[in-house]
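As the structure lists them, so they are numbered: ligands from 1, and atoms in each ligand from 1.
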Amino acid sequence: ASHPLLTAFRVSKPAFGAWITLPGTFNARTAALASPHISWLVIDCEHGMTSLQPGVGESIQAVAGLGAAAPSTIVRIPATGPCADTSAAWQIKYVLDAGARGVLVPMVSNRAQTASVVAAARFPPTGIRGFGSPFTQAVWGISAKEHLTTANESILVLVQIETREGVQNLDEILSVDGLDGVFIGPYDLSLSYGYPAPSPDPHPDVEVIIQEILIKAHAKGKKCAFFCTTGKQSAKRAQEGFDMINVISDAGAMTEGLKQAFAIAAGD
Ligand code: 3PY
């Protein structure tokens, strides 16, 4: 089954994707089909409206049903870094059992949180994830045996760097084996440093921090992802060397499309 984000990571090619904030299978599938350049979707259960039970599993299956055309589905779980030992562990297990290709954990600020996130996402001996779900292999279209032998290397584990503490502890976070990469959240990062939210670009002082994170992640052999809200910003971030770039959200794209069409219709 297709996993274009993993392929892009392996060949070090920037991978563009979209944020899914609206719930429902029709929404996720519509976004997945919108462009051949969409190689992943983050189904956002932190700030987005998709629930874990039921909700995220249905959206993952709707996207996986596209077969070779399916983008990789990554789930942003609701539990944040400080809850990484407790709530995050079962949420990670749940979304991976439902067939997600990876997990994104918000607000991770230190090594211990990162290590517990990675452990929850990997089967032993690397991690502590329990095996039992018949669903992952069905969603991926492989055998249970193949699932067990390929899961640890194909599931992507990403943590968000979006707090001052996370930046301070970046070296130790990046030293965690099994972590695939860090995802910069420019909104929370700006707020954490006392700057306004990006509109659409971050404040120059925050930009300096962003570039430092990119350099450090690559120096430690980790991927670095960034959240944009426009195609233009995304093209620039790809040129800068970011590996995974959010281009726009479903709600953002819908609002833009409606606004433009209605402005033209009304002769604005
Ligand atoms: C942020 O910018 O804070 C994000 O997490 C992106 O949604």
Side-chain angles (χ1 to χ4, degrees), residues 5 14-23 27-28 31 38 40-50 56 59 73-84 88 91-92 95 100 102-109 113-114 117 156-170 173 179-214 217 223-234 236-238 240 242-256:
L5 181 56
F16 295 116
W19 220 253
I20 299 299
T21 66
L22 302 167
N27 179 60
I38 297 180
W40 53 270
L41 297 175
V42 162
I43 302 178
D44 186 5
C45 298
E46 185 203 16
H47 292 303
M49 292 297 139
T50 304
V56 77
S59 294
T73 46
I74 310 297
V75 176
R76 179 157 79 169
I77 60 165
T80 59
C83 308
Q91 291 174 7
I92 289 169
V95 303
V103 289
L104 176 61
V105 182
M107 299 274 179
V108 168
S109 293
Q113 290 168 4
T114 310
V117 164
L156 297 171
V157 182
L158 304 163
V159 296
Q160 281 199 268
I161 301 299
E162 50 184 353
T163 63
R164 194 188 270 254
E165 204 192 334
V167 175
Q168 278 157 2
N169 295 329
L170 186 62
I173 290 171
L179 176 73
D180 291 290
V182 291
F183 200 122
I184 301 173
Y187 286 81
D188 281 316
L189 188 66
S190 302
L191 297 180
S192 174
Y193 278 88
Y195 290 100
S199 66
D201 293 317
H203 186 281
D205 294 350
V206 180
E207 187 58 40
V208 172
I209 299 166
I210 289 167
Q211 295 299 328
E212 275 171 16
I213 299 172
L214 174 65
K223 301 297 179 186
C224 194
F226 195 80
F227 185 90
C228 296
T229 51
T230 69
K232 201 169 157 196
Q233 282 179 318
S234 304
K236 182 171 153 273
R237 294 298 181 190
E240 287 172 3
F242 284 92
D243 306 286
M244 174 183 185
I245 300 139
N246 183 69
V247 175
I248 198 163
S249 72
D250 51 4
M254 187 168 94
T255 304
E256 275 307 306

* To do: State which residue, out of Thr50, Leu158, Ile43, Asp44, fulfils the side-chain contact (heavy atoms from CB on, under 4.5 Å) condition with Arg76.
  => Asp44

* Asked: Taking atom types as modelled and ignoring hydrogens, do the side chains of Asp205 and Tyr195 form a donor-acceptor contact shorter than 3.5 angstrom?
  -> yes

* In terms of the angle between their ring planes, are Trp19 and Trp40 parallel, tilted or perpendicular, with boundaries placed at 30° and 60°? -> perpendicular

N/O to N/O under 3.5 Å, ligand 1 against protein:
from: ligand 1; atom 1: 2 (O); to: Pro186; atom 2: N; distance (Å): 3.0
from: ligand 1; atom 1: 2 (O); to: Tyr187; atom 2: N; distance (Å): 2.7
from: ligand 1; atom 1: 3 (O); to: Glu162; atom 2: OE1; distance (Å): 3.2
from: ligand 1; atom 1: 3 (O); to: Asp188; atom 2: N; distance (Å): 2.8
from: ligand 1; atom 1: 3 (O); to: Asp188; atom 2: OD2; distance (Å): 3.1
from: ligand 1; atom 1: 5 (O); to: Arg76; atom 2: NH1; distance (Å): 3.0
from: ligand 1; atom 1: 5 (O); to: Gln160; atom 2: NE2; distance (Å): 3.0
from: ligand 1; atom 1: 5 (O); to: Glu162; atom 2: OE1; distance (Å): 3.0

* Residue pair Ile92 / Val157, side-chain heavy-atom distance below 4.5 Å -> no

* For Asp180, the option from Asp243, Leu5, Leu156, Val103 that meets side-chain contact (heavy atoms from CB on, under 4.5 Å) -> Leu156

* Identified side-chain contact (heavy atoms from CB on, under 4.5 Å) partner of Glu46 from the options Thr21, Thr80, Ile77, Val75 -> Thr80

